[in-house]
Amino acid sequence: MSHTLAEKILADKCGKDEVFPGEFINAKVDMVLASELSGVLAVDEFEKIKGARVFDPEKIVFVMDHFTPAKDINSAEIVKRCREFARENGIRFYDVGRAGIQHILLPEQGLVVPGDLIAGADSHTCTYGFLGAFGTGIGSTDAAAAMILGEVWLKVPETIKFIYHGKPPKWVGGKDLILHTIGQIGVDGAMYQAMEFTGEAVVSLGMADRFSMANMAIEAGAMAGVFAADETTRAFVEKRSQREGKYWQSDENAEFAETYEFDTSQMEPFVALPYLPENVKSVSEIAGQEIDQVLIGMCTNGNLEDLRAAAEILKGKKIHPDLRAVIIPGTQKVYLDALNEGLIEIFIEANCSVSTPTCGPCLGGHMGVLAEGERCLSTSNRNFRGRMGHPNSEVYLANPYVAAATALAGHITSPNEVVN
Amino acid sequence: MPQLKKQESQAIRGKAWKFGKNIDTDAIIPARRCNTSDPKELAKYCMEDADKDFVKKMTPGDLIVADSNFGCGSSREVAPLAIKSAGVSAVIAKSFARIFFRNSINIGLPILECPEAVASIQEGDEIDVNTPKGIIRNLTRSESYQAVPFPDFLQQIIDLGGLSAYVETRLATNNGKDDS
């Protein structure tokens with residue numbers, strides 16, 4: 001029988017020849033992931049379970065990234081608890097100064113390869129689909145169970161196929177394709193389903209663009225967002241990991257729940273307006289909206305390619321005097337590479353604040369929280385009410401070109417308006 | 001698998017508090033309150049950004065009745081934990097976001113998917129729920145609604161009282177990985 005890429009990975013992980021949408025499985029995980037926010041509850045649960053032992057310390061990773069460097073005493077306490085648990089159990093542990101935002105960090109460290117099943121107590125674990133892996137968000141008790149059993153219970157999802165035709169114009173990248181898609185299908189458009197991204201437009205995209213797309217699959221309610229791993233993927237993985245991946249593909253006559261087709265050749269950059277990622281307009285429709293803060297980086301657009309995009313716009317210029325910009329590289333390595341390439345100098349010369357890697361402001365933690373009535377244009381992935389601070393603040397989501405252009409203009413604008 | 005002692009199912013009865021669609025986890029418990037795993041602390045801020053007076057207005061035993069995609073967004077387990085700790089006895093919705101759904105089952109917060117109930121129940125209606133049967137009774141309007149039943153696999157976790165109990169059962173019967 002024919003199957004989708006997602007079904008093939010899940011069948012492989014539960015030792016079956018095939019699995020079908022709707023089927024409940026206990027699947028073996030290649031990595032269990034938690035941050036300090038989800039990890040602390042997982043540790044609480046783990047310690048309550050009689051006879052609990054970690055199934056394989058090499059396959060468990062805690063990344064301290066949400067409220068780090070510790071933003072307050074409570075945060076310091078939960079990081080401490082995770083740190084102590086990690087030491088006691090010998091699991092992989094990434095602390096301040098050695099870490100970064102988990103979803104950029106794991107692939108960079110070679111901890112994820114195509115065909116893997118990653119169960120992460122963070123909703124953006126769906127990101128690993130950019131590598132042809134099946135990443136999916138779980139909760140903290142789930143993470144505790146997975147740390148003990150090495151398994152996670154899953155319902156095999158249906159797959160929705162998205163075909164992107166044409167060649168995206170300048171300034172349009174993976175972020176725009178996924179914003180447009182969520183705008184079309186809604187924040188529950190792929191609930192309990194897998195999204196598979198295909199077509200000549202995405203095949204031509206680099207890994208950072210694919211990353212942004214898979215990262216935001218959860219914003220359509222999806223369980224996972226996957227790409228078939230190809231030669232671009234192989235080149236990325238072979239530089240970072242010794243492990244050989246499995247390069248699954250959907251069968252030609254695999255059954256998809258739905259198929260959507262988009263022409264990317266006429267697209268403009270898109271912006272998602274408050275308070276849902278589905279409130280999508282083209283940048284020209286929303287141009288002129290005044291902005292108080294620009295945030296560039298985070299998991300969605302915190303790869304080196306994203307920082308290059310922002311620097312291309314900001315080079316030799318100063319941001320608007322009434323606006324502040326915060327730039328957050330995804331990991332220590334991204335930060336160092338950006339420094340060596342001269343990108344950090346461009347940002348500082350442009351009057352941007354450059355922060356150590358952290359999820360901080362994206363979820364209203366620290367390093368750029370918003371006051372009442374303030375508006376932020378961000379390259380992150382969520383714009384729910386109160387997401388970045390005061391319940392009456394607003395977040396607009398866009399790509400790094402649009403974010404940098406907006407920082408220069410002081411209001412939302414197309415990159416075309418600020419480049420010579 | 002041998003049956004562990006089933007959780008005593010608690011009586012679920014209280015007033016309905018209605019919410020709209022796409023209530024995200026930041027509305028249920030904003031991240032600024034998530035620097036703790038203490039249920040009592042979390043309970044104080046339950047639904048804060050959707051209705052800042054919710055905790056003051058509700059009485060333990062009351063129910064949340066919401067439209068579609070309840071609990072979308074983050075994977076934070078403190079979202080169902082805050083609801084449970086605030087004393088909400090059950091959440092009825094047209095549909096639940098996937099991770100919120102599994103977190104609720106895992107920690108033993110009763111959830112019921114029932115579009116018909118959501119359409120009929122008005123704020124303040126007195127509701128009674130029989131969770132094993134999935135029957136929701138509206139005492140104010142003398143109506144009753146049938147929730148979507150859980151698949152057997154999930155019902156087993158629910159009957160045990162949550163995922164941790166399921167793991168203990170697995171370990172106790174050597175089905176777990178502890179001997180490998």
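In what follows, every chain begins at residue 1, and chains take the letters A, B, ... in the order their sequences are listed.
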Answer with side chain, backbone, both or neither: which region of [X] has an atom nearer than 4.5 Å to a non-hydrogen atom of chain B?
X	answer
A/Leu37	side chain
A/Asn381	neither
A/Asp44	side chain
A/Thr125	neither
A/Ala42	neither
A/Ala145	both
A/Met191	side chain
A/Ile73	neither
A/Ile78	side chain
A/Ser38	neither
A/Lys155	neither
A/Asn26	side chain
A/Ile218	side chain

Under 4.5 Å, counting heavy-atom pairs only, tell me which of B/Leu81, B/Asp152, B/Asn103, B/Asn69 racks up the most with chain A.
->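 Among the listed options, the one with the most contacts to chain A is B/Asn69.
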Residue, of [options], that accumulates the most heavy atom pairs under 4.5 Å with chain B:
options	value
A/Gly22, A/Pro391, A/Gly365, A/Ser35	A/Pro391
A/His66, A/Lys50, A/Glu77	A/Lys50
A/Trp153, A/Phe46, A/Phe24	A/Trp153
A/Asp122, A/Val187, A/Ile138	A/Ile138
A/Asp56, A/Thr136, A/Val40	A/Thr136

Counting only non-hydrogen atoms closer than 4.5 Å, does [X] touch chain A with its backbone (N, CA, C, O), its side chain (CB onward), both, or neither?
X	answer
B/Arg76	side chain
B/Ser68	side chain
B/Phe101	side chain

Could you grab the distance from atom CG of A/Asn215 to atom OG1 of A/Thr127, nearest 0.5 Å is fine?
->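 The CG atom of A/Asn215 sits 3.5 Å away from the OG1 atom of A/Thr127.
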Salt-bridged, [X] to [Y], with N to O below 4.0 Å?
X	Y	value
B/Arg170	A/Glu151	yes
A/Asp142	B/Arg102	yes
B/Asp62	B/Lys15	no
A/Arg382	B/Asp24	no
A/Glu45	A/Lys48	yes
B/Lys84	B/Glu77	no
A/Lys80	A/Glu36	no

Do A/Arg385 and A/Tyr275 meet the cation-pi criteria used here (NZ or CZ under 6.0 Å from the six-membered ring centre, within 45° of the axis)?
->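 Geometry flag: set, cation within 6.0 Å and 45°.
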Look at the aromatic rings of A/Phe67 and A/His366 and report parallel, tilted or perpendicular, splitting at 30° and 60°.
->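 It falls in the perpendicular class, over 60°.
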Please check if the side chain of B/Ser120 supplies one atom and the backbone of B/Ala117 the other of a donor-acceptor pair under 3.5 Å.
->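 Between the backbone of B/Ala117 and the side chain of B/Ser120 there is no qualifying donor-acceptor contact (under 3.5 Å).
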Option among B/Lys21, B/Lys18, B/Lys94 that satisfies the salt bridge (Lys or Arg N to Asp or Glu O under 4.0 Å) test with B/Asp67 =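 Per the salt bridge (Lys or Arg N to Asp or Glu O under 4.0 Å) rule, the option paired with B/Asp67 is B/Lys94, out of B/Lys21, B/Lys18, B/Lys94.
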Trace of the ring pair (Phe, Tyr, Trp, His ring centres under 6.0 Å) decision for B/Phe70 with B/Phe19 | CA-CA 9 Å; B/Phe70 186 82; B/Phe19 291 89; 7.2 Å; no
